[in-house]
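Quick note: numbers below take in every heavy atom, side chains included, and nothing from hydrogens, waters or symmetry partners. Residue numbering restarts at 1 for every chain, and letters A, B, ... go by the order of the sequence lines. Everything numeric here is computed off the predicted structure, so don't read it as measured data.
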Amino acid sequence: MLRPIRALLPLALLAALAGCSTQDSAPPTTIHLDVRAQAPEEPVEERVPLGSEVTLEVSSDVDGLLHVHGFDEELTLTAGETTEKTFKASMSGAFEIETHDPDAVWIKLVVS
Amino acid sequence: MIPLHGIASREDLPLPFPLIVTAAALVLVVTFWILLFAWREPRYRNPSGRELPRLTKLVDSPWVSRPLRLIVGLVWLVAAAALVFGPDRTDNPIFGFVFVWLWVGLVPIALLFGEVHRRTNPIRLLLRGLGGTAPAPRTTTKSRLPAAAALLTFAWFELVEPLAATLPVLRGAAAAWVAWVVVGTLVTSTRWIAMADPFEAFASTVARMSPWARSRSGQLLLINPLRNLASWNAPRHLSILTCVLLGSTLFDAIAGAAWWVRAFQDSSLPPRLVGTIGLVATVALVTALFHLSVLPLRRAGRSLRETADALSPGLVPLVAGYFLAHYATMLYLEGQRTAIRMADPLALGWDWFGIAEAGPDLTLLAFPTLIAFVTVLFIVGGHVMAALVSHDIALRDLPAGVAVRRQVPLLVFMVVLTIVGMLLMFG
């Protein structure tokens, strides 16, 4: 009676293998972000391919700390300056990029 | 307001739409197949299985239970140290310990190893002198209403309380939990632990879906999980407990949905009030719909509550399926992070196992398509098991032809719950 489910298994494995091949050929991506005193109402969605080198380029009006959830990357922001951070988008999923104090989500990073 | 802020740092990608459609179609087809063509006589009345006397001896020997309790007890002590003396930051391991290891981790442990949490429940270890660790003669059918209330409170704490991931608030909640179980045990008896400890009640409910059971004489049985669940002489108010679990998981998905967040932010009402109303309303709706859907299966001389309780084992696979589908990747990623943090409970730079440098293993998260398929497998698998168990239980009191017709509302309820849940969580 569980046959339909079992039939999905080889499919899932196939799909996994197919998903595997996209890993290393992804081109590097740069995401630019302006952090202003006024936070956005909704975060901007940025899509990057799985496995790509992501460079986060942040110019800020305020001093603060920017946090990339999941990857646990942190950028120290200084008012009037541009800060950069590069990391590998090695996990699939959706991640929030946010500042603390004031708490605001600026980007929803979608890695797929 | 993001629940579990700082703990759940990653969300799964939405499921591809064709996959959702396929899964929904599969759910419908399998459900009607069960209704029309599956067995017409109850099969799983008795908890029979293969007796394993040698394994029973080994598992019950002090050589196994003492080290097991010692190790798990030590882990709880480390967690308690982090709770009392650790820093009030999101990298304190206690948050991951409570919301990831304990809350989510108990489900796969119960599914794989059966009723193991009962043997290592820290409150039972604490109450050892009162007989808290004595083996259960038989599973008690006493009301699970206290545990259902405690689970609803925990769900509220996790999903509604904005300060759940801060140390002082978590300390208060932990103290309340210990007091609830310990004081209740002192006032009544050690049976209170099985009735009222939310984590033990949850774990032992899910453990009925594992391939392990105990015979009347206490022998360990290797058993078909469907039979294990369907033959359960369900405790009183199990229907409330399972509906609380289903409803709060559903509310977790609602609270994450964009339309809810928007409505939430726009409203001028305090966030705790809106969240509380949302959670209680979702649980109440699920409970009411379940009771309504079992109404036609009511036998003469049996109350609606008894009917709902008798059929509620059928909801357990839905709970387990949702849980695994929703939280498996979180358990994988944050579970590893919690392990790293547990090796440095007081944030003094310790690294007991030398794993801090390497960071969590991310291999599985490089396969989003595999994750999507496994997610759907959990949901559809849970639904199929739920429908089969309900079917078997429904056949016991009624002639097959009548039972089939009267099961329709219950199966429709399950189909709707599965498909709505899937759209909400992964659409």
Side-chain angles (χ1 to χ4, degrees), chain A residues 1-26 39-43 45 47-52 65 67-74 87-101 103-105 108-112, chain B residues 1-2 5-14 16 19 22-23 25-27 29-30 33-34 37-39 90-91 226 258 261-262 265-266 329-330 332-334 337 359-385 387-388 391:
Chain A
M1 80 232 51
L2 297 174
R3 223 168 287 139
I5 299 174
R6 282 202 200 122
L8 273 176
L9 267 177
L11 266 179
L13 287 175
L14 261 181
L17 289 174
C20 187
S21 58
T22 58
Q23 248 249 290
D24 289 313
S25 52
E41 236 171 56
E42 293 218 356
E45 193 174 298
R47 299 180 156 270
V48 298
L50 181 64
S52 60
L65 208 60
H67 184 210
V68 184
H69 266 254
F71 295 99
D72 265 353
E73 299 284 348
E74 261 181 2
F87 59 93
K88 192 166 180 184
S90 50
M91 291 183 263
S92 65
F95 308 87
E96 286 174 338
I97 300 182
E98 58 175 20
T99 48
H100 294 294
D101 200 20
D103 286 333
V105 183
K108 188 176 168 192
L109 181 68
V110 179
V111 183
S112 59
Chain B
M1 289 291 128
I2 300 129
H5 189 89
I7 291 165
S9 62
R10 178 189 165 277
E11 264 174 58
D12 277 322
L13 295 167
L19 195 58
T22 312
L26 209 58
V27 160
V29 169
V30 173
W33 179 84
I34 290 168
F37 301 112
W39 57 86
T90 46
D91 62 353
L226 289 174
V261 175
R262 221 167 294 136
Q265 279 167 350
D266 288 349
T329 54
M330 173 171 126
Y332 172 69
L333 178 63
E334 307 304 333
R337 288 212 170 120
D361 173 76
L362 305 175
T363 320
L364 270 184
L365 302 176
F367 303 107
T369 323
L370 177 69
I371 292 173
F373 270 94
V374 173
T375 302
V376 167
L377 206 66
F378 283 143
I379 296 175
V380 176
H383 177 84
V384 171
M385 285 186 74
L388 286 174
H391 178 67

Could you have a look at A:V68, A:V110, A:D72 and say which one has the most heavy-atom pairs with chain B under 4.5 angstrom? A:D72
Rounded to the nearest 0.5 angstrom, the CZ-CG distance for A:R47 and B:L13 is 8.0 Å
dist A:S90:OG -> B:L362:CG (nearest 0.5 Å) comes out at 5.0 Å
Honestly, the part of A:V111 sitting under 4.5 Å from a heavy atom of chain B is backbone
Heavy-atom distance under 4.5 Å to chain A: side chain of B:I34, backbone, both or neither? neither
Checking B:D361 now: which residues fulfil side-chain hydrogen bond (donor to acceptor under 3.5 Å, both in side chains) with it, not counting sequence neighbours? B:Y332, B:T363
Residues passing the side-chain hydrogen bond (donor to acceptor under 3.5 Å, both in side chains) test with B:T329, sequence neighbours excluded, are B:R10, B:D12
With a 4.5 angstrom heavy-atom cut-off, could you sort out which part of B:L364 is near chain A: side chain, backbone, both or neither? neither
